[in-house]
> 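Got a structure for you, questions after.
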Amino acid sequence: MTTLATTGRVQVLGVPGDRHEEVLTPEALDFIGRLDAAFAARRFDLLTERRRRSALLRGGTPLDFSRATKPIRDDPDWRVARPAPGLTDRRVEITGPPERSMAVNALNSGAQVWMADFEDATSPTWENIVRGQLTLIDAIDRRIDFTTTSGKEYRLTDRPATIMVRPRGWHLTETNLVIDDRPVPAALVDFGLYFFHCARRQIDAGSGPYFYLPKLENRYEARLWNDVFLLAQDLLDIPRGTIRATVLIETITAAFEMEEILYELREHSAGLNAGRWDYLFSLIKNFAHRPDFVLPDRATVTMTAPFMRAYTELLVRTCHKRGAHAIGGMAAQIPGGEPAAREAALAKVRLDKEREAEDGFDGSWVAHPGLVQVCRTVFDEVLGDRPHQLERTRDDVHITAEHLVAVRRTAGRPTPEGVRGNIAVALRYYDAWLRGQGAVALNGLMEDAATAEIARVQIWQWLKHRAVDRETVLALLDEELATLGATYPWAQLDQVRDLFERTALGKELPAFFTTEAYARHLVGRPAVRA
């Protein structure tokens with residue numbers, strides 16, 4: 001890679017693209033540089049603490065609610081900020097990458113909120129990251145309309161969804177932006193570029209700069225985000241408290257600190273979300289070394305499993321106790337195909353959303369515009385004219401540490417179909433991700449990085465505890481790679497195999513496949529789609 005531009009200490013590396021200069025202005029890069037100077041060292045220390053705590057869990061240290069923060073949990077008086085404009089009614093939220101056509105469809109879908117996802121649904125090629133920021137600028141400025149070469153028109157309606165942005169997690173870096181040869185934290189890049197270019201635009205439009213925060217593991221990481229918000233608002237002369245953020249509770253350690261996370265972000269908080277697929281990934285990853293935590297096929301571990309139900313009920317109780325929205329998990333079905341299959345998919349989504357609405361959630365996620373109506377209908381039936389159900393404090397819920405880790409009641413052995421399915425999903429997703437696609441339709445579901453993470457950590461866990469033998473996995477790997485190559489002649493089979501072997505078959509279990517894949521295969525590459 002060659003240096004394209006330098007602004008102060010910030011260097012932009014990589015291949016330039018159309019309109020990149022509108023995003024990578026000297027002023028925007030200086031803003032990111034100031035955020036990096038203030039917070040990069042703290043981020044590094046927190047990631048070191050993550051690794052230390054992970055080692056303790058592997059060694060058998062039990063998880064429990066912190067005694068040190070008991071006064072915060074016991075204090076009945078504190079509340080989070082009141083809902084910001086556009087975030088009072090959130091009964092349907094749609095998610096997806098900030099890709100231009102998908103953005104128009106999501107904004108027009110009838111959902112109250114669109115979460116533009118730079119994290120699990122975006123393969124972080126440099127072109128995808130910068131182009132995603134341009135998509136957001138154009139959407140807010142209503143310059144996103146376009147017509148494809150085939151004549152299909154994409155036009156924004158008069159009442160688009162409220163935009164929330166999910167930056168990448170603290171564990172990731174952006175190697176195309178460096179300071180003193182050190183990559184900038186990816187979270188600060190995604191947040192900083194959007195906030196610098198769009199915060200004032202959103203305020204002038206009657207909305208605001210709103211975010212989803214992924215993969216937080218504890219209150220200290222929430223505090224870091226809160227301090228980022230404070231400095232960013234001060235630097236751009238925007239009143240404190242303008243930013244609002246919903247935290248995804250998608251790690252097992254964060255589940256034990258829900259109230260503390262809300263407390264740290266309380267002047268900027270917009271609630272919590274049950275990021276259930278990443279949560280399941282986190283639980284398996286942290287306890288993969290323990291034989292009593294071996295789970296069966298991922299398709300059989302539903303939200304009615306005792307430990308998953310404990311997690312979601314605690315989330316609703318915690319949020320409503322503090323005046324915060326509780327947002328339910330993802331419905332990833334793609335409602336297409338034969339009428340019978342479509343009806344079956346919609347019925348499954350409806351059942352899932354009925355459970356969430358009846359449990360007290362204020363809204364929920366869908367991955368496809370075709371699911372917006374069924375989700376809306378379910379929440380309309382429960383909410384009526386109310387924008388939420390914050391008054392349902394769920395005082396009947398009493399969750400202990402034991403409830404959150406009660407995996408034994410769900411434990412079981414994998415089936416041959418489950419082993420093959422995990423290998424197939426991981427390989428197909430890895431191939432798409434390496435080609436620059438982060439949201440992938442597989443087997444009637446819209447899959448993202450969380451699905452691939454669950455698939456590969458389960459393979460590692462099953463091998464670790466001899467629930468499946470290595471020869472079987474290697475044979476299935478060869479078979480599924482051959483099928484992948486026959487189906488997609490452009491598939492990068494050598495790179496896909498290398499990534500799978502490193503992330504699912506090694507002696508140690510990597511924390512994330514994305515860090516491995518980014519460092520070895522994706523750095524500096526443009527998105528390449530078939």
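Because only heavy atoms are used, hydrogens play no part in the values below, and waters and symmetry mates are left out as well, while side chains stay in.
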> For R290, is there an ion pair with D292 - N to carboxylate O distance below 4.0 angstrom?
yes

> Are more than 12 heavy atoms, taken from residues, nucleotides or ligands other than F44, located less than 6.0 Å from that residue's CZ atom?
no

> Just jot down the side chain to side chain donor-acceptor pair (under 3.5 Å) partners of T61, sequence neighbours excluded, or say none.
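Partners of T61 under the side chain to side chain donor-acceptor pair (under 3.5 Å) test: none.
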
> Output, in order, the C-alpha distance, side-chain angles, deciding distance and verdict of side chain to side chain donor-acceptor pair (under 3.5 Å) for S123 and T125.
CA-CA 6 Å; S123 171; T125 66; 5.5 Å; no

> Would you check, one step at a time, whether the test side-chain contact (heavy atoms from CB on, under 4.5 Å) holds for L442 with T451?
CA-CA 11 Å; L442 295 173; T451 306; over 6 Å; no

> Can you list the steps and then say if T48 with D45 is a side chain to side chain donor-acceptor pair (under 3.5 Å)?
CA-CA 5 Å; T48 301; D45 291 342; 5.2 Å; no

> Using the six-membered ring wherever Trp is involved, compare the ring planes of W490 and Y488 and label them parallel, tilted or perpendicular (cut-offs 30° and 60°).
tilted

> Could you tell me whether a side-chain N or O of T515 sits under 3.5 Å from a main-chain N or O of F512, the two making a donor and an acceptor?
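Judged by distance alone, yes, a pair lies under 3.5 Å.
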
> Hey, what do you get for NZ (K285) to CZ (R58), rounding to the nearest 0.5 Å?
10.5 Å

> Within the side chain of S364, is there an N or O that forms a donor-acceptor pair under 3.5 Å with the backbone of G329?
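At least one qualifying donor-acceptor pair exists.
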
> Taking the six-membered ring for Trp, are the ring centroids of W225 and F211 within less than 6.0 Å of each other?
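Judged by ring-centre distance (under 6.0 Å), W225 and F211 do not meet the cut-off.
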
> Under a 3.5 Å distance rule, please check whether H368 uses its side chain to pair with a backbone N or O of P335 as donor and acceptor.
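Judged by distance alone, no pair lies under 3.5 Å.
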
> When you check the gap from the basic side-chain N to the acidic O, do R420 and E417 get nearer than 4.0 Å?
no

> Taking R428 first and then D431, would you say they form a salt bridge - that is, a charged N and a carboxylate O separated by under 4.0 Å?
no

> If we ignore hydrogens and angles and just use 3.5 Å, is the side chain of E221 paired with the main-chain N or O of E217 as donor and acceptor?
yes

> Report yes if some heavy atom in the side chain of F513 is under 4.5 Å from a heavy atom in the side chain of R456; otherwise report no.
yes

> Do L477 and L427 make a side-chain contact, defined as non-hydrogen atoms from C-beta onward lying under 4.5 Å apart?
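Yes, close enough: below the 4.5 Å cut-off.
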
> Donor-acceptor check, side chain of T251 to backbone of L216, threshold 3.5 angstrom: yes or no?
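Looks like yes, one N/O pair under 3.5 Å.
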
> Quick check against the 3.5 Å criterion: does T122 have a side-chain atom that pairs as donor or acceptor with the backbone of P97?
no

> Spell out, as yes or no, whether a donor-acceptor pair under 3.5 Å connects the side chain of Q492 to the backbone of Q495.
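Flag not set: sc Q492 to bb Q495 has no pair under 3.5 Å.
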
> Could you walk me through whether R52 and E49 satisfy the salt bridge (Lys or Arg N to Asp or Glu O under 4.0 Å) test, starting with their C-alpha distance in whole Å, then the side-chain angles of each, then the deciding distance to 0.1 Å, before giving a yes or no?
CA-CA 5 Å; R52 185 191 73 83; E49 174 59 21; 2.7 Å; yes

> Check for a donor-acceptor pair, side chain of Q461 on one end and backbone N or O of F293 on the other, with a separation under 3.5 Å.
yes

> Y518 and T175: side chain to side chain donor-acceptor pair (under 3.5 Å), yes or no, with the steps?
CA-CA 9 Å; Y518 186 73; T175 60; 3.1 Å; yes

> Any donor-acceptor pair under 3.5 Å linking the side chain of R219 with the backbone of E257?
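Answer holds: no.
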
> Evaluate the side-chain proximity of L474 to L505: yes if any heavy-atom separation is below 4.5 Å, no if none is.
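A side-chain contact exists here, since the closest heavy-atom pair is under 4.5 Å.
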
> Taking the six-membered ring where the residue is Trp, are the ring centres of H465 and W460 under 6.0 Å apart?
no

> Could you check, using the six-membered ring where one of them is a Trp, whether W365 and Y212 have ring centers closer than 6.0 angstrom?
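Judged by ring-centre distance (under 6.0 Å), W365 and Y212 do meet the cut-off.
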
> So that I know where these two stand, are F118 and Y194 an aromatic pair - ring centroids less than 6.0 Å apart?
no

> Please assess F196 against I32 for the test side-chain contact (heavy atoms from CB on, under 4.5 Å), listing each intermediate value before the final yes or no.
CA-CA 9 Å; F196 183 85; I32 289 174; over 6 Å; no

> Do the side chain of E447 and the main chain of A441 share a donor and acceptor less than 3.5 angstrom apart?
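Such a contact is absent between E447 side chain and A441 backbone.
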
> L134 versus R131: any side-chain heavy-atom pair under 4.5 Å?
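Yes - at least one pair of side-chain heavy atoms lies under 4.5 Å apart.
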
> If we only count heavy atoms from C-beta on, is the D190 to E174 side-chain gap below 4.5 Å?
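Answer no - side chains too far apart.
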
> Given D278, which partner from the list L248, D448, D120 fulfils the side chain to side chain contact (heavy atoms under 4.5 Å, CB included) test?
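The option that passes is D120.
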
> Heavy atoms, side chains only, cut-off 4.5 Å: are N218 and F256 in contact?
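Sidechains of F256 and N218: no contact.
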
> Is any NZ, NE, NH1 or NH2 atom of the basic residue among E343 and R350 found under 4.0 Å from an Asp or Glu carboxylate oxygen of the other?
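Salt bridge absent between E343 and R350.
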
> Please report the shortest heavy-atom distance between V473 and L463, naming the atom on each side.
CG2-CD2, 3.7 Å

> Are any non-hydrogen side-chain atoms of E516 and L499 less than 4.5 angstrom apart?
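The answer is yes; the side chains approach within 4.5 Å.
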
> Using side-chain heavy atoms (C-beta onward) and a distance below 4.5 Å, is H171 in contact with K215?
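They are in side-chain contact.
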
> Any chance you could lay out the side-chain contact (heavy atoms from CB on, under 4.5 Å) test for I423 and I459, step after step, and finish with the verdict?
CA-CA 8 Å; I423 294 171; I459 294 294; 3.8 Å; yes

> CD1 of I284 to CZ of F281: how many Å apart, nearest 0.5 Å?
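It is 9.0 Å, given to the nearest 0.5 Å.
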
> For T300 and D297: C-alpha separation, side-chain torsions, deciding distance, then whether side-chain contact (heavy atoms from CB on, under 4.5 Å) applies.
CA-CA 6 Å; T300 68; D297 297 355; 4.1 Å; yes

